[in-house]
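Just below is one structure, and these are the notes that go with it.
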Amino acid sequence: MPLLIKNGRIVTASEQYAADIFCDGEQITRIGQNLDAPPGAAVVDATGKYVFPGFIDPHVHIYLPFMGTYAKDTYETASRAALVGGTTTLIEMICQARADQPLAGFELWHGKAEGQSACDFTFHQAVTRFDQECESQLGEIVKRGIASFKVFLAYKGAFGITDEELYHTLRLAKKLGVITTAHCENADLVLELQKKLLAEGKTGPEFHYWSRPPRVEAEGVHHLLTFAEMHDAHVYTVHTSCEESLTEALAGMQRGAKIWVETLIQYLLLDKSHAELPNFEGSKFVMSPPLRDKKNQEVFWNALRQRFVSTVATDHAPFDFKGQKEMGRGDFTKIPNGIPSLEDRVNLLWTHGVAAGRLDRHTFVDCASTQAAKLFGLFPRKGTIAVGSDADLVVYDPDYRGKISAKTHLLNIDYSAFEGWEIKGRPHIVTVRGEIAAKDGQFTGQIGRGKLLKREPTHF
Ligand code: URP
Ligand code: ZN
Ligand code: ZN
């Protein structure tokens with residue numbers, strides 16, 4: 001059914017103006033003043049509201065076998081929650097074990113999403129081993145439309161790769177024109193620090209931080225850059241958490257390295273004191289890299305405002321408190337790492353970014369949508385509002401007031417890291433390729449309508 005959105009204030013990464021938007025089929029076909037609705041069209045009145053491009057989360061985990069368990073969401077639960085919160089495209093990490101082939105990983109992960117997602121999706125392909133067979137399979141995966149890799153410098157023995165493999169992965173990435181996203185932490189340092197802390201009887205969740213202090217992450221960023229610069233390969237540091245890492249990335253930028261930085265909504269709003277909560281509550285806040293000292297938050301808000309940090313993602317990795325986080329009672333190294341935030345990223349970024357005066361509306365759209373589309377080969381199909389773009393739109397109500405709670409969220413997890421937090425604004429209407437998929441906190445979309453987005457390499 002055709003869709004007309006009337007009287008809204010359109011905001012993109014670079015423009016702001018009042019206009020109506022008409023969508024016929026899956027795309028935006030007209031933008032203008034006083035557009036008329038043809039018979040049978042759905043009409044949304046956006047008076048007093050903003051109209052943003054659908055938001056993109058460039059780093060999520062939905063199917064994730066990890067640390068002896070599985071992340072809790074499925075594409076059905078995750079895509080419903082994403083849409084209600086304004087996220088219309090997910091980029092998931094394919095994280096096959098080191099023993100598994102990348103093509104088998106791609107097919108497994110794709111199979112979990114196809115026919116199960118209400119929103120569009122694509123993947124970053126992890127490289128967890130590098131040999132001749134992997135090399136040719138990675139070439140095939142890129143031909144199938146997956147134009148980004150993922151490497152882990154952490155998680156030795158699970159997803160982590162050696163320096164030799166890192167060298168060859170980045171060389172291949174450069175040749176294929178794909179960007180390599182990277183988890184930057186020095187795996188050996190983490191292992192040694194974990195052993196030392198446990199031997200000293202420091203077993204609680206609060207010690208997770210001390211096994212991965214800022215320099216461990218900064219060394220990872222430096223390490224990645226050293227290898228990337230050998231090939232002039234394009235890299236993207238995922239979940240960048242601290243000033244020390246950002247300083248390494250900025251130094252790389254100054255040298256001319258092709259590096260982009262992602263941070264997470266968790267790092268902007270939560271800090272290491274959350275992981276120090278008593279009665280094992282801190283385990284809800286255990287993730288890697290760990291939540292940092294509060295002083296880092298201002299550094300990242302400033303860097304976002306100056307656009308030195310490109311994206312705000314979630315690294316959504318949901319593990320229940322009961323039965324999953326609890327696996328690490330008495331040994332913090334066994335707490336499944338991850339914090340869920342997929343449903344709340346946009347509203348929290350709006351509330352603490354725009355409504356709090358830290359970000360302007362364009363920067364908000366840029367870091368939550370447009371930059372991800374540009375970096376990962378989705379622009380201008382996604383990430384903006386233009387004739388010919390997919391009609392993924394968020395009609396946003398800045399006057400809404402509400403609270404986040406695990407009692408009401410759509411995610412399939414038994415806690416929220418933001419329990420009781422106030423939000424000032426939420427999506428009124430969310431569309432996916434011209435169809436209304438969420439309204440005022442309710443999912444109204446169609447499971448299975450989400451498509452795999454095929455992407456061309458752009459990072460030559
Ligand atoms: O703690 C985290 N970040 N869990 C998810 C896996 C990863 O490293 O991204
Ligand atoms: Zn990671
Ligand atoms: Zn991740």
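Being a predicted model, the structure only gives us computed values, none of them experimental. Counting starts at 1 for both ligands and their atoms, following the listed order.
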Nearest protein heavy atom with distance in Å, relative to atom 4 (N) of ligand 1: N337 O, 3.1 Å
Are any side-chain N or O atoms of S211 and backbone N or O atoms of H208, one a donor and one an acceptor, separated by less than 3.5 Å? yes
Please answer whether the main-chain N or O of H239 pairs with a side-chain N or O of E262 as donor and acceptor at a distance below 3.5 Å. yes
Which of the atoms in ligand 1, numbered in the order shown and given with their element, are less than 4.0 Å from a heavy-atom of M287? 1 (O), 3 (N)
Within 45° cone of F152 ring axis and under 6.0 Å: K150 NZ or CZ: yes
Is there a donor-acceptor contact under 3.5 Å linking the side chains of D360 and T363? yes
Do you see a donor-acceptor pair shorter than 3.5 Å between the side chains of S389 and R381? no
Angle at the Zn ion (ligand 2) between ND1 of H183 and NE2 of H239, to 10°? 90°
Shortest-distance N/O/S atom, D315 versus the Zn ion (ligand 3): OD1
Which residue and atom name correspond to the protein heavy atom nearest atom 7 (C) of ligand 1, and how close is it? Y155 OH, 3.6 Å
Atom 1 (O) of ligand 1: the protein heavy-atom neighbour that sits closest, reported with distance to 0.1 Å: S288 N, 2.7 Å
Looking at F321, is its backbone amide N or carbonyl O close enough to the side chain of D414 to form a donor-acceptor pair, meaning the two atoms are under 3.5 Å apart? yes
Relative to ligand 1, is D315 under 4.0 angstrom through side chain, backbone, both or neither, heavy atoms considered? side chain
Minimum-distance N/O/S atom that H59 presents toward the Zn ion (ligand 3): NE2
Any atom of ligand 1 sitting under 4.0 Å from a heavy atom of H59? yes
Short list, please: which atoms of ligand 1 are under 4.0 Å from a heavy atom of H183? 8 (O)
So is K325 actually on top of F319's ring, under 6.0 Å and inside 45° of the axis? no
